[in-house]
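Here is the structure we will look at.
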Amino acid sequence: MARKTPEQLTKEFEGRKAKGLAKGGAAYWPNVLSNAVLKLVASGAEFSVAALAERVAQEGQVTDPAVKAGADEALARLKQAAARAAE
């Protein structure tokens, strides 16, 4: 069996790390969505899909990659649900 170079090992590690962050973010989307709903209701703003989507986008503007991935996933699911409801 051939030994892997340090570059190959680094590339594999970065790939596993990115995959883990994506999985973590995908699992975090319900939290992002619920936080957005709670903040929207607490502010007393009008509750609509557009307002909720805007709030989720605001939640995703952080430096934590898991939260960003979760916000992206929540936004995608929200848009998908809105499209289904419009049919």
Side-chain angles (χ1 to χ4, degrees):
M1 181 182 247
R3 292 183 143 250
K4 294 184 179 182
T5 65
E7 292 80 19
Q8 289 173 322
L9 292 171
T10 301
K11 186 176 178 182
E12 284 182 12
F13 173 73
E14 291 299 324
R16 287 193 305 271
K17 182 174 149 187
K19 186 176 180 182
L21 288 174
K23 282 184 177 179
Y28 194 68
W29 75 266
N31 294 342
V32 172
L33 190 58
S34 63
N35 286 341
V37 168
L38 288 173
K39 288 179 182 177
L40 192 62
V41 170
S43 70
E46 179 186 341
F47 194 82
S48 67
V49 174
L52 185 57
E54 182 181 329
R55 191 68 192 175
V56 169
Q58 288 175 356
E59 292 285 322
Q61 295 177 351
V62 294
T63 57
D64 186 9
V67 175
K68 276 187 178 182
D72 292 342
E73 181 72 19
L75 195 55
R77 289 180 183 244
L78 180 62
K79 287 180 180 178
Q80 183 181 29
R84 283 185 185 162
E87 291 178 349

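Everything quoted here is computed from the prediction, not taken from an experiment.
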List for me each residue that meets side-chain contact (heavy atoms from CB on, under 4.5 Å) alongside [X], sequence neighbours excluded, and say none if there are none.
X	result
A57	none
A76	none
Q58	E54, R55

- request: Examine V37 and V32 and state if one hydrophobic cluster contains both, with Ile, Leu, Val, Met, Phe, Trp and Tyr joined whenever side-chain heavy atoms are less than 4.5 Å apart.
  value: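 V37 and V32: one cluster.
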- request: Kindly work out whether a path of hydrophobic side-chain contacts (I/L/V/M/F/W/Y, heavy atoms less than 4.5 Å apart) joins L38 to V62.
  value: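 Each belongs to a different hydrophobic cluster.
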query: Are side-chain heavy atoms of L33 and L52 found at a separation under 4.5 Å?
result: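 Sidechains of L52 and L33: in contact.
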- prompt: Rounded to the nearest 0.5 Å, how far does CD of E59 lie from NZ of K39?
  reply: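 Reported value, rounded in 0.5 Å steps: 4.0 Å.
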- prompt: How would you list, by chain and number, every residue that makes a salt bridge (Lys or Arg N to Asp or Glu O under 4.0 Å) with K79, sequence neighbours excluded?
  reply: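 Residues passing salt bridge (Lys or Arg N to Asp or Glu O under 4.0 Å) with K79: none at all.
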field: Pairs touching residues 41-53 that satisfy side chain to side chain donor-acceptor pair (under 3.5 Å), sequence neighbours left out
entry: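 Listed by first then second residue: nothing to list.
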message: Restricting to non-hydrogen atoms, name the atom on A82 and the atom on V49 that form the minimum distance, rounded to 0.1 Å.
response: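 Heavy-atom minimum between the residues: CB-CG1, 3.8 Å.
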field: Exercise: identify the closest heavy-atom pair between G60 and A71
entry: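 Residues G60 and A71, closest heavy atoms: CA-CB, 3.4 Å.
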